[in-house]
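Data first, discussion second: the structure below is written as structure tokens.
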Amino acid sequence: MRYALATVAMLGVIASTLLGPAPAAEAATARLDGDDRFQTSVLASQRLPAGRAVFLASGTAFPDALAAAPVAAAEGAHLLLVRPEGIPQVVADEIQRLAPSEVVLVGAEASLSAAVAQQAAAPGRTVTRIGGTDRVETSMLLLDRMRTMGSTVTDVWVASGNGFPDALAAGAVAAREGHALVLTQGASASFAQRIAARVAGVQRFHIPGSTTSVGADVEAVLAGTGRTVARFPGADRYETAVQINRAFTPAGSGGQLVLTSGADFPDGLVGAVYAGIRGEALYLTDPSCATSGSVAAEQRRVGTTGTMVLGGVSTVSPVAAELVPCAAVNASVDDLLERINAERALVGRQALAIDPCLSRMAGGWASAMAAGSLAGSAHNPSLTPEARACAVKGWGENVGRTVGTNPDTARMMTTWMNSEGHRLNIQRASFTHIGIGIDRGPNGSWYYVLDFGTR
């Protein structure tokens, strides 16, 4: 087992002598949390400027709404979810408020019944249905709609029609960038024919997800058109969303970070339109916690001003909403916290409490260290502004690295305690809270970050 560590950052000590006015709070976390998926779609709609059209899609299935998002965004339209058999009253009230000149029903009558069309009708209003024989054809017809309405489509995302996660982040990017999104269920002859009929003007195809999501046979069909094909094969749905945003969301672009569950689709369906029209980035999370520090690292890279969570706490927990990595609540972190507090008890110090904001900081930097295969001595260059954003009055940081199949918290703790500077941070009486980040890099190293704070 090898290890490396840094000379302790003394910022916590220095900061305690530079107290000044404390910041009001960290970047705000807000929610679009309706009583159900239909009301959540209304809450999203109410935060967007009114447009001439409203798109209605089923809230009980994902394909039609996913493909509709870039089309609606291109028109500055709103996307609302409805029941297959009718329009919920909260949605009907929102349609009345928006007073659109056109309502677009996405999907055939098997998806949205004739009753939905009847309820959407009003004097002076056009009701248009875009529905194919299946979800793939419906998505192709939506691409046709984009072109008919004047959009020049040079980029097309081709996402799985059998699962929703990869298409959520791709749809948000497509909505923001003026791209189209079509669905595939495999490289059938009909899919190849439908794509071939629509390649005029297309320069690039993008595939969200690995070959388990969209097969190599589909990629071959797309490459056969002579267009460039790029794939974004994240290790899982969460990393796929991060990979897509790293490619298309510029560093320092700001705005809110839009966060939705990667385990269920309803609240995220309207997220692509919401994020796309607002020019923001959408990411996925496990409902209970962040599966890694990648999204927190993205928050730092993009320079977001806050987080908008789609759905209630049962959909995205408070811990997940704060971007706290699962590592911050797993056995390794619990063990490390227990060891730290045991050392503090030996010198009569109070136990440190886990702080969500400091945990997000620590998790984000651990992820950045891991992603960059950095040295174990690499401190967070943004530690001071991030600590101030967490509203702590003093702060400090320990970092380190071990190599092995599993985290070795015992070895890391021993190493820190044998270093005077690191030991002083661990035992410092003024510190009251801590964030702990642990992540593994592609080089096989485990990275550890302790962010201490005084409240």
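Since the model is a prediction, treat every value here as computed from it, not as a measurement.
Comment: Arg47 does not engage Glu280 in a salt bridge, judged by the lack of any side-chain N to carboxylate O separation of less than 4.0 angstrom. For the pair Arg97 and Asp93, the salt-bridge criterion is not met [side-chain N within less than 4.0 Å of a carboxylate O].
Atom CG of Leu310 and atom OG of Ser41 lie 11.0 Å apart (nearest 0.5 Å). Taken to the nearest 0.5 Å, the CD atom of Glu137 stands 9.5 Å off from the CG atom of Asp144. Arg129 CZ to Leu56 CG: the interatomic distance, rounded to the nearest 0.5 Å, is 10.0 Å. Here the OG1 atom belonging to Thr304 is positioned 8.0 Å from the CG atom belonging to Leu323, to the nearest 0.5 angstrom. Distance CG/Asp355 to CD1/Ile436: 11.5 Å, rounded to 0.5 Å. Thr60 contributes atom OG1, which lies 9.0 Å from atom CZ of Arg83 (distance to the nearest 0.5 angstrom).
Between Tyr448 and Thr402, the side chains place a donor N or O and an acceptor N or O closer than 3.5 Å (distance only, hydrogens not considered). Remark: the Glu322 side chain and the Ser359 side chain contain no N/O donor-acceptor pair separated by less than 3.5 Å. In the model, Ser210 has a side-chain atom that pairs as donor or acceptor with a side-chain atom of Thr212 under 3.5 Å.
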Could you give me the CA-CA distance, side-chain angles and deciding distance for Leu259 and Val316, then say whether side-chain contact (heavy atoms from CB on, under 4.5 Å) is met? CA-CA 8 Å; Leu259 190 67; Val316 177; 4.3 Å; yes
Between Leu269 and Leu66, does a side-chain contact (heavy atoms from CB on, under 4.5 Å) hold up when you go through it step by step? CA-CA 6 Å; Leu269 289 179; Leu66 286 176; 4.0 Å; yes
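Side-chain contact between Glu397 and Trp365 is present, with heavy atoms from C-beta onward closer than 4.5 Å. A 4.5 Å side-chain heavy-atom check between Leu450 and Leu336 finds at least one atom pair inside the cut-off. Inter-residue side-chain proximity for Arg401 and Met369 is flagged as unmet; no heavy-atom pair is nearer than 4.5 Å.
Formation of a donor-acceptor pair under 3.5 Å by the Arg125 side chain with backbone atoms of Ala120 is found in this model. A distance-only check finds no donor-acceptor pair linking the side chain of Arg237 to the backbone of Pro165 [under 3.5 Å]. Not a single donor-acceptor pair under 3.5 Å links the side chain of Trp446 to the backbone N or O of Ile438. No donor-acceptor distance shorter than 3.5 angstrom exists from the side chain of Ser367 to the backbone of Ala297, with no hydrogens or angles considered.
The two atoms that bring Gly59 and Leu81 nearest to each other are CA-CB, 4.0 Å, heavy atoms only. Of all heavy-atom pairs spanning Ser317 and Cys289, the tightest one is OG-N, 4.3 Å. Considering all non-hydrogen atoms of both residues, Glu85 and Ala115 come closest at O-CB, 3.6 Å. Smallest separation of non-hydrogen atoms from Asp64 and Ser111: OD2-OG, 3.3 Å. Across Ala391 and Arg455, no two heavy atoms sit closer than the pair O-NH1, 3.3 Å.
Ring geometry, Phe248 versus His179: the interplanar angle exceeds 60°, so the pair is classed perpendicular (tilted spans 30 to 60°).
For residues 248-261, the side-chain hydrogen bond (donor to acceptor under 3.5 Å, both in side chains) pairs, not counting sequence neighbours, are Arg176-Thr249, Asn245-Thr249, Gln256-Tyr274, Gln256-Arg278. Counting only residues at least two apart or in different chains, side-chain hydrogen bond (donor to acceptor under 3.5 Å, both in side chains) contacts with residues 161-170 comprise Asn162-Gln185, Asp166-Ser213. Sorted by first and then second residue, the pairs that involve residues 56-98 and meet ring-ring contact (aromatic ring centres under 6.0 Å, His included), not counting sequence neighbours, are Phe62-Phe265.
Screening Val313, Thr307, Asp267, Leu43 for a side chain to side chain contact (heavy atoms under 4.5 Å, CB included) with Arg31, the sole residue that qualifies is Val313.
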